[in-house]
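Below is one structure, written out as structure tokens; the observations come after it.
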Amino acid sequence: MNSCFKLLKKDGEARRGELVTVHGTVQTPLFMNVGTVGAIKGAVSTEDLENIGCQIELSNTYHLHVRTGDELIKRFGGLHRFMSWDRPILTDSGGFQVFSLASMRKIKEEGVTFRSHIDGHKIFMGPEESMQIQSNLGSTIAMAFDECPPAKAEREYVLPSVQRTERWLYRCKAEIERLNGLDDTVNKRQLLFGINQGAVYNDIRIENAKRISELDLPGYAIGGLAVGETHEEMYDVIEHTAPFLPENKPRYLMGVGTPANILEAVDRGIDMFDCVYPSRNGRHGHLYTHYGKININNAKYAEDDRPIEEGCQCPACRRYSRAYIRHLHKAGEMLGLRLCVLHNLYFYNHLMEEIRNAIDEGRYKQFKDVFLEGLKQDDK
RNA sequence: UCCUCAAUAGCUCAGUCGGUAGAGCAUUCGGCUGUUAACCGAAGUGUCGUAGGUUCGAGUCCUACUUGGGGAG
């Protein structure tokens, strides 16, 4: 199970790989499409995801636990069957909610007490609870339960936090091994990815990376970035930390990011990404193109008969004009959101395909430079 | 014909005891990084129906007129 990742080729630090799972093989570098509650927000179906070339979907442990419930989903045969999606699913552990719901939680050695954002009731989640929920969901990849300290956190806060997250990782590993051995487990070959933390302190990050690498998990993530630090700080952390994660295991940069972030991170040895940007920005009318971002709500698109991006093969661009999509947004029509989300997801998945091709052909650096230059043109 | 109510931002309307105006929506423009987000933020816009009067000072009080709503005949 631990040899499920194949590193196919390196081009500088950029890596081409293949991740083999019980739900099929995916090509890296890849982007995971974020469907927190088991759905991509913006009325995007799993059929849509297949049509736009999505390889893997991401859902959230905490959100599915508090609404509808992981035990019910287990009775349905797991999240794959529940949402009718047979490709890989990665579930985030609920660790990010320790950060994003900070005002409603209390952290202890055993785990974290949350207040549900839905009805305010108390929920306790520790490593074991998170693994049990993810096991019930039967996702392809389960993420370790971690704490994500804010970028501006003091060293004095970060170090003990990282050490606790590390102890939680041992407990996650033991628990998932136990759960994978049970008869009624949905996915007995569920993979566990560990998470590196340490805010912007490279020495803490590196020490942590070395230690968690010894666990020989099927994959590793760099977490706690894009939470308030500058892009330069983020790139610096990746550059210094990634080399201390196992070469023959996938590296996942959690929650990142913009197309430029992804291009830079691939160049520093990252294989997997996820981000709410394409879906959230799509819902808000901000659309990605090779020439920068456009805000379809802007008045200048009111009579623009062109597609969002000339030559784009997404369902929105193949058929509709900017003027029409702007009209839909202004009118508050759901179709407007949907078309924009489809475009952005297509753009991201297609970007990853372009990246993989460039690495395959040994021209990644050049590809990255040209792409970044294009993004700067802005507003075409 | 009379009585009565209303007239303030593009729209719907607040505006205290008289001290030269403000909300929502709309418009325009931003922001969003393991989703508490079809969200959040900022900005622009006024002959306060017209003409007089009272007053140091009127969106506010008085008079007439105009337009609109309701009622009586």
Side-chain angles (χ1 to χ4, degrees), chain A residues 31-44 56-64 66-67 90-105 114-120 123 130 134 139 141-151 165 193-197 221-231 233-234 252-262 264-265 270 272-286 288 293-302 326 328-341 344 348 379:
Chain A
F31 180 78
M32 295 184 281
N33 304 254
V34 180
T36 304
V37 301
I40 309 279
K41 293 183 192 295
V44 174
I56 169 167
E57 193 268 351
L58 181 150
S59 288
N60 186 281
T61 299
Y62 163 81
H63 290 273
L64 289 172
V66 295
R67 183 131 59 194
L90 178 143
T91 41
D92 188 27
S93 61
F96 189 71
Q97 280 62 45
V98 177
F99 165 75
S100 64
L101 302 177
S103 61
M104 311 189 233
R105 53 87 166 136
F114 291 91
R115 288 236 168 241
S116 159
H117 69 286
I118 294 166
D119 61 10
I123 303 157
S130 177
Q134 295 186 75
S139 57
I141 300 167
M143 295 306 298
F145 187 72
D146 65 333
E147 186 196 343
C148 174
T165 290
F193 279 23
I195 304 175
N196 169 259
Q197 289 288 357
I222 296 178
L225 287 179
V227 288
E229 79 286 0
T230 64
H231 283 179
E233 288 174 311
M234 174 168 83
Y252 163 30
L253 179 58
M254 304 184 81
V256 176
T258 66
N261 291 159
I262 291 175
E264 295 293 356
I270 301 296
M272 299 169 65
F273 300 88
D274 82 281
C275 189
V276 303
Y277 266 165
S279 50
R280 183 185 292 170
N281 282 335
R283 293 197 305 284
H284 298 168
H286 291 237
Y288 292 93
K293 232 167 48 163
I294 72 172
N295 182 350
I296 200 66
N297 293 300
N298 289 359
K300 60 184 167 184
Y301 303 120
R326 176 176 191 274
L328 292 174
H329 259 265
K330 288 291 181 185
E333 282 297 330
M334 173 96 77
L335 178 60
L337 310 188
R338 182 175 138 78
L339 291 174
C340 289
V341 173
N344 280 351
Y348 266 69
D379 245 25

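Letters A, B, ... are given to chains in the order of the sequence lines, protein chains preceding strands, and every chain is numbered from 1.
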Taking only the side-chain nitrogens and oxygens of A:Q97, find out if one of them lies under 4.0 Å from OP1 or OP2 of B:rG34.
no
Have a look at A:E333 and say if it touches a base, only the backbone sugar-phosphate, or nothing, with a 4.0 Å heavy-atom cut-off.
nothing
Would you state whether a donor and an acceptor, one from the side chain of A:H117 and one from the base of B:rU35, lie under 3.5 Å apart?
no
Report yes if at least one side-chain N or O of A:N295 is closer than 4.0 Å to OP1 or OP2 of B:rC29; otherwise report no.
no
Touch check for A:H329, heavy atoms < 4.0 angstrom, all strands: base, sugar-phosphate only, or nothing?
nothing
Pairwise P distance, B:rA51 and B:rA14 [rounded to whole Å]
24 Å
Go ahead and write out RNA chain B as dot-bracket, 5' to 3': ( ) for pairs within the strand, [ ] for ones crossing earlier pairs, | when the partner sits on another strand, dots for unpaired; Watson-Crick or G-U wobble, both distances under 3.5 Å.
(((((((..((((.....[..)))).(((((.......))))).....(((((..]....)))))))))))).
Pick the P atom in B:rU67 and in B:rU28, then give their distance to the nearest Å.
36 Å
Name the nucleic acid region contacted by A:M334, choosing base, sugar-phosphate or nothing; use a 4.0 angstrom heavy-atom cut-off, strictly under.
base
Establish, with yes or no, whether the OP1 or OP2 oxygen of B:rU27 is under 4.0 angstrom from a side-chain nitrogen or oxygen of A:R326.
no
Determine the interplanar angle of the A:Y288 and A:Y277 rings, folded into 0 to 90°, and report it as parallel if under 30°, tilted if 30 to 60°, perpendicular if over 60°.
tilted
A:N281, nearest nucleotide to its side chain (from B:rA37, B:rU36, B:rC32):
B:rC32
Assign each of A:V256 and A:L101 to its nearest nucleotide of RNA chain B by heavy atoms, then name whichever residue's nucleotide is nearer the 5' end.
A:V256
By ring-ring contact (aromatic ring centres under 6.0 Å, His included) - contacts of A:H329 (at least two apart):
none
Remember a base hit wins even if backbone is also touched, and classify A:S279 as base, sugar-phosphate or nothing at under 4.0 Å, heavy atoms.
base
Tell me whether A:H284 is stacked on the nucleobase of B:rC39, counting only the six-membered base ring and applying the 5.5 Å and 30° thresholds.
yes
Heavy atoms under 4.0 Å, any strand shown: does A:N60 hit a base, just sugar-phosphate, or nothing?
sugar-phosphate
Reckon A:N298 has a side-chain N or O less than 4.0 Å from the OP1 or OP2 of B:rG30?
yes
Quantified in whole Å, what is the P atom distance between nucleotide B:rU50 and nucleotide B:rA7?
13 Å
Which listed nucleotide (B:rU35, B:rU33, B:rU27) is nearest to the side chain of A:T36?
B:rU35
Closest approach to the side chain of A:T258, judged atom by atom: which nucleotide of B:rU36, B:rG34, B:rU33 is it?
B:rU33
How far, in whole Å, is B:rG18 from B:rA26 if one measures between their C1' atoms?
33 Å
Would you say the side chain of A:H231 lies within less than 4.5 Å of the side chain of A:N261, judging by non-hydrogen atoms?
yes
Are A:F31 and A:F273 an aromatic pair by the rule of ring centers under 6.0 Å?
no
Contact class for A:I195 (heavy atom, under 4.0 Å): base, sugar-phosphate, or nothing?
base
When the nearest nucleotide of RNA chain B is assigned to A:G332 and to A:G95 on a heavy-atom basis, which residue is associated with the more 5' position?
A:G95
B:rC25 and B:rG44, which share atom name C1', separated by this distance in whole Å
15 Å
